[in-house]
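Bear in mind that the values here come from a model prediction, so they are computed numbers and not experimental data. Here is how names work: the chains are called A, B, and so on, in the same order as the sequence lines, proteins then strands, and each is numbered from 1.
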There are 2 protein chains.
Amino acid sequence: MLIGIIAQESGFSRDTIRYYEKIGLLRLPKRARRENNYKEYSPAILSRLRAIKELKKIGYTLAEIQQVIASYETGGMDCIAGKGQVLEKVRLIEEQIVQLQTLRLQLLEAVADCPDHCKIAAILDDTLMVR
Amino acid sequence: MLIGIIAQESGFSRDTIRYYEKIGLLRLPKRARRENNYKEYSPAILSRLRAIKELKKIGYTLAEIQQVIASYETGGMDCIAGKGQVLEKVRLIEEQIVQLQTLRLQLLEAVADCPDHCKIAAILDDTLMVR
DNA sequence: TTAAACGGTGGAGTATAGTCCACTGTCAAG
DNA sequence: CTTGACAGTGGACTATACTCCACCGTTTAA
């Protein structure tokens with residue numbers, strides 16, 4: 001199929017598919033062309049795009065996706081090691097959540113006394129001392 | 001003071017300070033030069049860098065910082081409007097937290113049955129159907 | 001036939017916040 | 001004096017994931 005079709009079927013834009021080819025996430029044989037030089041995308045490429053879509057949904061980066069699919073395709077996919085990596089991702093996410101929650105509290109605190117007392121103005125008073 | 005000194009005092013790198021000048025977050029009068037053409041940074045610039053540092057700590061982007069400082073300096077700082085903006089930031093943060101928590105659960109779910117059942121492999125089985 | 005959509009390529013741009021590189025001039029310390 | 005650090009400028013690079021632009025050829029539908 002042509003790129004417009006596979007774009008439609010996969011839910012990725014043509015530009016995104018070309019980008020994935022450029023970074024090696026998708027591989028098209030050089031001979032996969034029509035007579036007019038248009039690229040012929042096989043159903044296998046569509047499958048791969050669907051895999052990419054699913055993995056992106058659970059937070060995998062493109063680099064990680066490339067790695068996971070490569071392992072899978074060479075039959076060397078190690079669920080134990082994969083679990084370790086996933087748990088590491090979970091840990092990073094938990095860290096992020098804590099940071100966001102801290103930030104949230106700080107912001108709420110900043111406006112708690114508004115308009116009687118404005119913490120942002122206080123910061124600026126303390127640092128700029130211009131008023 | 002010279003850039004090395006203000007970098008030291010402010011905790012920002014020289015490159016960062018130059019970057020802030022470039023994007024207009026810091027403004028140096030053209031005449032603020034020594035005889036050898038080295039830039040002379042006034043204490044006011046240091047104050048401003050300190051303000052930037054504090055605002056970054058509570059999650060403000062550089063664009064937001066530029067805006068807030070500008071308002072403050074023109075005496076037009078509106079605590080009420082500022083509160084609205086802050087609460088909007090809080091809302092976005094809360095959204096992010098929810099997304100991260102969802103993602104966390106999904107990832108934990110993905111490895112829950114590992115190594116008996118590997119969800120990642122299942123995704124790849126479903127999509128790639130190559131094994 | 002014509003115009004618009006589609007396809008191709010190469011490359012730059014976007015967002016955000018820096019960071020690094022190349023080159024030149026100045027300053028300070030050994 | 002010499003060398004290394006410091007300062008300046010312009011511009012490219014980094015990270016991540018696209019998206020847009022310019023230009024050219026092909027296809028499609030009115």
(request) Check step by step if salt bridge (charged side-chain N to carboxylate O under 4.0 Å, His left out) holds for A:R48 and A:E73. (result) CA-CA 11 Å; A:R48 196 174 176 104; A:E73 285 176 337; 2.8 Å; yes
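Within the model, atoms CD of A:Q106 and CD1 of B:I93 stand 9.5 Å from one another, a figure rounded to the nearest 0.5 Å.
Annotation: cation-pi geometry satisfied between A:K89 and A:Y60 (NZ/CZ under 6.0 angstrom from ring centroid, within 45° of ring axis).
When the P atom of D:dA7 is taken as reference, atom CD of B:E21 falls 12 Å away, rounded to whole Å. For the pair A:L26 CG and D:dA17 C1', the interatomic distance rounds to 14 Å; values are reported in whole Å. Straight-line distance from the CG atom of B:L25 to the C1' atom of C:dA17: 11 Å, rounded to whole Å. Rounded to whole Å, the distance from CD1 on A:I52 to P on D:dT16 is 16 Å. Atom CZ of A:R14 is separated from atom P of D:dA17 by 23 Å (rounded to the nearest Å). In this structure, CG of A:L28 is placed 10 Å from P of C:dT9, rounded to the nearest angstrom. Whole-Å rounding puts the B:K53 NZ to C:dA17 P distance at 14 Å. Counting to the nearest Å, the P atom of C:dG7 and the CE atom of A:M1 are 12 Å from each other.
In the hydrophobic cluster analysis, where Ile, Leu, Val, Met, Phe, Trp and Tyr join through side-chain heavy atoms closer than 4.5 angstrom, A:V90 is grouped apart from A:L92.
Residue B:D15 has its side chain nearest to C:dT19 when only C:dT19, C:dA17, D:dG8 are considered. Candidate nucleotides D:dG8, D:dC18, C:dT19 were compared by shortest atom distance to the side chain of B:K39, and D:dG8 ranks first. Counting only heavy atoms from C-beta on, A:L2 has its side chain closest to C:dG7 among D:dG8, C:dG7, D:dC6.
Counting non-hydrogen atoms of other residues, nucleotides and ligands closer than 6.0 Å to CZ of A:R27 gives a total of 12 or fewer.
Backbone-only contact: B:Y20 has heavy atoms under 4.0 Å from sugar-phosphate atoms and none from a base. When heavy atoms are screened at a 4.0 angstrom cut-off, B:N36 is found touching the sugar-phosphate backbone but no base atom. As judged by a 4.0 angstrom heavy-atom cut-off over every strand, A:R33 is placed among residues touching the sugar-phosphate backbone only. As judged by a 4.0 angstrom heavy-atom cut-off over every strand, A:R18 is placed among the base-contacting residues. Residue B:I23 is classed as having no contact, given no heavy-atom separation below 4.0 Å to the nucleic acid.
Side-chain to base pairing of A:Y38 with D:dG25: one donor and one acceptor N or O lie within less than 3.5 Å of each other.
One finds no side-chain N or O of B:T16 lying less than 4.0 angstrom from the OP1 or OP2 phosphate oxygen of C:dA17. Taking only side-chain nitrogens and oxygens, A:S13 never comes nearer than 4.0 Å to OP1 or OP2 of D:dC18.
Sequence order on DNA chain D of the closest nucleotides to B:K22 and B:I3 puts B:I3 first from the 5' end.
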